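Everything below concerns the one structure shown next.
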Amino acid sequence: MKDKLSLLVQHAITSALTAGHLHSLEAIPPIVMDIPKISAHGDYSTNIAMTIAASQKKAPRDIAGIIIDHIEDSDRLLSKVEVAGAGFINFFIAQSKWYEVLKAVHDKDKAYGTSQLGLGKCVQIEFVSANPTGPLHVGHGRCAAVGETLSAIFKAAGYDVEKEYYVNDSGRQIRTLGESVFVRYQQLLGKTIDLPKDGYQGAYIKDLARMLLDQEGQRLMDLPEDEAVAVCARFAAEKILAEIREDLVAFGISFDNWFSEQSLYDSGAVQAVMIQCKDQANVYEHEGALWFRTKDFGDEKDRVVVRANGLTTYFASDIAYHKDKFERGFDRVLDIWGADHHGYIPRVAASIQALGYDADRFQVLLVQMVNLLRGGKPVTMSTRAGEFVTLREVIDEVGRDAARFLFLLRHYESPLDFDLELAKKESNENPVYYVQYVHARISNILRKAEERGYTNISWDEDFPELINLSAEIELIKLMARYPEILGQSALLMEPHRIPFYLKELAGAFHAYYHDRNKHKVVSDDARLSAARLYLVSAIRIIIRNGLALMGVSAPETM
RNA sequence: GCCCCCGUAGCUCAGGGGAUAGAGCAAAGGAUUCCUAAUCCUUGCGCCGCAGGUUCGAUUCCUGCCGGGGGCACCA
């Protein structure tokens, strides 16, 4: 609807220009079509006359009048157009046109709301990518929910999406993991030995040591320490990664690709990119270490890629990794990181630029922290001491639906308070059920209707006479906004717009439903019942589609 | 010290330059012989952190300041 109107206005301006009623413009600016806050200002409104007023040297209201005169509404979309306020053009959509929206919802069904905004462009989204040194925690859960839903939104907007998990299965942290497990392993065999000072202290390390002991017996004691640690590291990382995968499956998150950091070393990719950097003079030696000239590309200082002890930093493999991403030919490369990694962005962006790739195609979304609460009180967590609430525990306690919904209810850039008690509440304080309940309610209505013989819910030409209460038209207008909301959340990469919209639609439906004296869906009037069933089942389609994007179930009963 | 995010109703938050700033919760009152009350209706609720700037117009964009959170290694 919005797009149609924008086109009308664009054509009107063009034709006004041709007719000489407007002074020539360098370019017609994009037509911004807003939905006014006040219904008296129309269904849609544009400020275009005001924005071009300066260059036209005419009063905005006069320009608006000229534009209106040139609008050719061949489809009879509009019932009224007016100039208002300082120069707004307000559009009132003919009521008959709203029924086409209603039909479109049914006709497109699962595809209602989808678009071709993405033009088939290929975007890679990398998210979660937690190191396999411990279980996923709630922060990862939020990143997972954002990444997964953003991927779904992109797909719905006509992008080709590939979801990837980068596994940091190499480097110092994995080594530390191995050392920690080996210490616990030795302790199980009665040795008095302390964890390294930067070791992992969580209870899961002891569990892993126990499993290793059961599987391998005492044979690690006969190996040189380096080898024993390596065995422990590999064993532990694999086990932890397997659990991460299980947790993600339980949370409804799936990846197209799991990319191993180690594979970049095994294939020689890291070494190759280092040589390339040397050839291109992007790196230099200083005090025994190899530094990358990230400062030349906007970072605040240069960064080490190979330490004086000969070991590469994670940055080195990250350079190779991002080079690999670009070589795979994605139009856009999107990383979703926890906000604590923000200082890392300039150097990765710098390295991409230094290697000659278009840095505009690379974007990082930073997802802010999750503050876990229980009944309003903070749940204390310390990763160092290994005391934290895992994603698995949250899913087990509050359920996947509530967790997914609440993680998405905030803009990802805002810190999120996640209250475990609230998430479990089956009341109006909890928005999850509010939305799901609409689906269950309509499903129930449809079941009752079926019992009474309404088995085929389809469009009939007399529906416009039957669906004409203002509450009903308002519902359809709200449904017309869904594709716009979906498109916006794709362009702005803002998944939170979906749950907000669903809450609004749910509220409008509940209000409509509740006034049952006026709006009883299934009544003695067969024609009216058929029409209203058509209306409410369209709402159900949108609720179901929206929840599906969020990875939240749409229950038939509650 | 530098960098990132946040600051809007009592609380939690929406509002990508526009007309009279919204929603949920909480508070008070009301609604169920009915397709699910996990619901609905009514009522009140605001120096949009402060100060400048850009603009015909700023909660929105820019700068500075104040307050809260996070990050600043040859760690990730």
Side-chain angles (χ1 to χ4, degrees), chain A residues 32 34 36-38 40-41 45-47 50-51 53-54 59-60 84-88 90 129-131 133 168 171-173 176 198 286-291 300-301 303-315 318 337-346 366-369 371 376 409-417 419 422 425-438 440-449 451-452 488 491-492 494 496-497 499-501 503-504 506-507 509-517 519-523 529 532-533 536 557-558:
Chain A
V32 178
D34 276 323
K37 281 175 250 176
I38 300 160
H41 293 156
S45 172
T46 183
N47 63 355
M50 284 130 90
T51 55
F88 294 99
N90 293 341
S129 299
N131 292 347
T133 53
N168 284 107
R172 222 180 74 86
Q173 289 195 92
T176 305
D198 55 351
H286 176 66
E287 291 179 355
L290 197 63
W291 298 69
E300 55 182 60
K301 55 180 275 195
R303 308 288 176 175
V304 170
V305 283
V306 182
R307 288 181 276 175
N309 62 11
L311 295 176
T312 52
T313 62
Y314 280 87
F315 182 39
D318 273 334
W337 296 346
D340 53 340
H341 286 63
H342 96 265
Y344 210 69
I345 298 174
L366 293 177
V367 179
Q368 286 291 329
M369 319 246 87
N371 301 312
L409 198 54
R410 291 278 167 278
H411 192 294
Y412 60 82
E413 271 181 350
S414 296
L416 166 69
D417 288 337
D419 195 310
L422 177 69
K425 269 192 190 163
E426 296 185 349
S427 75
N428 46 10
E429 287 169 73
N430 190 340
V432 186
Y433 302 102
Y434 187 77
V435 174
Q436 287 185 316
Y437 192 44
V438 171
R441 248 186 178 165
I442 298 175
S443 298
N444 193 55
I445 294 172
L446 294 175
R447 267 192 304 276
K448 297 272 172 172
E451 287 167 17
R452 293 175 60 168
Q488 268 189 324
L491 288 176
L492 302 172
E494 293 181 341
H496 74 278
R497 290 170 185 272
F500 272 96
Y501 169 80
K503 275 168 62 178
E504 197 178 343
F509 170 76
H510 281 312
Y512 172 74
Y513 168 90
H514 210 274
D515 209 346
R516 16 186 124 174
N517 294 329
H519 308 146
K520 188 137 164 105
V521 176
V522 182
S523 64
S529 301
R532 288 185 174 165
L533 285 166
V536 300
T557 59
M558 285 175 77

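Computed over heavy atoms, backbone and side chain alike; hydrogens, waters and symmetry mates excluded. Note on naming: letters A, B, ... go to the chains in the order of the sequence lines (proteins, then strands), and numbering restarts at 1 for each one. Since the structure is predicted, the reported quantities are computational estimates derived from the model, not experimental observations.
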Could I get a table of every N or O pair under 3.5 Å where one atom is in the protein and the other is in nucleotides 5-9 of chain B?
unit_1, atom_1, unit_2, atom_2, d
rC5(B), O2', Glu413(A), O, 2.4

[X] side chain to [Y] backbone, donor-acceptor under 3.5 Å:
{"X": "Thr176(A)", "Y": "Arg172(A)", "value": "yes"}
{"X": "Ser523(A)", "Y": "Ser529(A)", "value": "no"}
{"X": "Arg303(A)", "Y": "Phe315(A)", "value": "no"}
{"X": "Asn430(A)", "Y": "Val432(A)", "value": "yes"}
{"X": "Asn90(A)", "Y": "Ser45(A)", "value": "no"}
{"X": "Trp291(A)", "Y": "His286(A)", "value": "yes"}
{"X": "Asn309(A)", "Y": "Leu311(A)", "value": "yes"}
{"X": "His510(A)", "Y": "Tyr434(A)", "value": "yes"}

Using atom [atom1] of each nucleotide, how far apart are [N] and [M] to the nearest Å?
{"N": "rA58(B)", "M": "rC50(B)", "atom1": "P", "result": "15 Å"}
{"N": "rA9(B)", "M": "rG24(B)", "atom1": "P", "result": "16 Å"}
{"N": "rG15(B)", "M": "rA23(B)", "atom1": "C1'", "result": "10 Å"}
{"N": "rU43(B)", "M": "rG67(B)", "atom1": "C1'", "result": "34 Å"}
{"N": "rU12(B)", "M": "rU8(B)", "atom1": "C1'", "result": "12 Å"}
{"N": "rG16(B)", "M": "rU59(B)", "atom1": "C1'", "result": "12 Å"}
{"N": "rU42(B)", "M": "rC25(B)", "atom1": "P", "result": "13 Å"}
{"N": "rU33(B)", "M": "rG22(B)", "atom1": "P", "result": "34 Å"}

Is the distance from OP1 or OP2 of [N] to the nearest side-chain N or O of [X] less than 4.0 Å?
{"X": "Lys503(A)", "N": "rG24(B)", "value": "no"}
{"X": "Arg452(A)", "N": "rC35(B)", "value": "no"}
{"X": "Arg172(A)", "N": "rC74(B)", "value": "no"}
{"X": "Tyr434(A)", "N": "rC40(B)", "value": "yes"}
{"X": "His41(A)", "N": "rU20(B)", "value": "no"}
{"X": "Tyr344(A)", "N": "rC3(B)", "value": "no"}

Per [X] side chain, nearest of listed nucleotides [options]:
{"X": "Arg441(A)", "options": "rA73(B), rU39(B), rG16(B)", "result": "rU39(B)"}
{"X": "Glu426(A)", "options": "rA38(B), rG70(B), rG15(B)", "result": "rA38(B)"}
{"X": "His342(A)", "options": "rC35(B), rG70(B), rC13(B)", "result": "rG70(B)"}
{"X": "Arg410(A)", "options": "rA14(B), rA19(B), rC2(B)", "result": "rA14(B)"}
{"X": "Val521(A)", "options": "rG16(B), rC72(B), rC35(B)", "result": "rC35(B)"}
{"X": "Ala511(A)", "options": "rA38(B), rC74(B), rC40(B)", "result": "rC40(B)"}
{"X": "Phe88(A)", "options": "rG16(B), rG18(B), rA38(B)", "result": "rG18(B)"}
{"X": "Asn47(A)", "options": "rC35(B), rC4(B), rG18(B)", "result": "rG18(B)"}

inquiry  = Given His411(A), which partner from the list Gln368(A), Glu494(A), Arg497(A), His496(A) fulfils the side-chain hydrogen bond (donor to acceptor under 3.5 Å, both in side chains) test?
reply    = Glu494(A)
What's the [atom1]-[atom2] distance between [X] and [N], to the nearest Å?
{"X": "Glu494(A)", "N": "rG16(B)", "atom1": "CD", "atom2": "P", "value": "8 Å"}
{"X": "His286(A)", "N": "rC74(B)", "atom1": "NE2", "atom2": "P", "value": "10 Å"}
{"X": "Lys37(A)", "N": "rU60(B)", "atom1": "NZ", "atom2": "C1'", "value": "11 Å"}
{"X": "Asn131(A)", "N": "rC75(B)", "atom1": "CG", "atom2": "P", "value": "15 Å"}
{"X": "Arg307(A)", "N": "rC75(B)", "atom1": "CZ", "atom2": "C1'", "value": "8 Å"}
{"X": "Tyr412(A)", "N": "rG16(B)", "atom1": "OH", "atom2": "P", "value": "14 Å"}

So what does [X] hit on the nucleic acid, given a heavy-atom distance under 4.0 Å: a base, only sugar-phosphate, or nothing?
{"X": "Glu287(A)", "answer": "base"}
{"X": "Ser523(A)", "answer": "nothing"}
{"X": "Glu504(A)", "answer": "nothing"}
{"X": "Lys448(A)", "answer": "sugar-phosphate"}
{"X": "Arg447(A)", "answer": "nothing"}

Could you list the protein-to-nucleotides 25-32 of chain B atom pairs, N/O on both sides, closer than 3.5 Å?
none

Contact nearer the 5' end of RNA chain B, comparing His341(A) with Ala440(A) = Ala440(A)
remark   = The residue, Lys425(A) or Leu409(A), whose nearest nucleotide of RNA chain B is more 5′ is Leu409(A)
Do [X] and [N] have a side chain to base donor-acceptor pair shorter than 3.5 Å?
{"X": "Asp340(A)", "N": "rG70(B)", "result": "no"}
{"X": "Asn90(A)", "N": "rA19(B)", "result": "yes"}
{"X": "His510(A)", "N": "rC40(B)", "result": "no"}

Looking at residues at least two apart in the chain, or sitting in another chain, which of them share a side-chain hydrogen bond (donor to acceptor under 3.5 Å, both in side chains) with [X]?
{"X": "Gln173(A)", "answer": "Tyr200(A)"}
{"X": "Arg447(A)", "answer": "Asn444(A)"}
{"X": "Ser129(A)", "answer": "Glu126(A)"}

request  = Supply the atom-to-atom distance Arg441(A) CZ to Leu446(A) CG, rounded to the nearest 0.5 angstrom.
outcome  = 13.5 Å
ask   = Which of parallel (below 30°), tilted (30 to 60°) and perpendicular (above 60°) describes Phe509(A) and Tyr512(A)?
value = tilted
query = Between Tyr513(A) and Val536(A), is any pair of side-chain heavy atoms under 4.5 Å apart?
reply = no
note = Applying the Watson-Crick and G-U criteria (both distances under 3.5 angstrom) with [ ] for crossing and | for other-strand pairs, one obtains for RNA chain B (((((((..((((....[...)))).(((((.......))))).....(((((..]....))))))))))))....
query = Which heavy-atom pair separates Asp419(A) from Gly376(A) by the least distance, and what is that distance?
reply = OD2-N, 2.7 Å
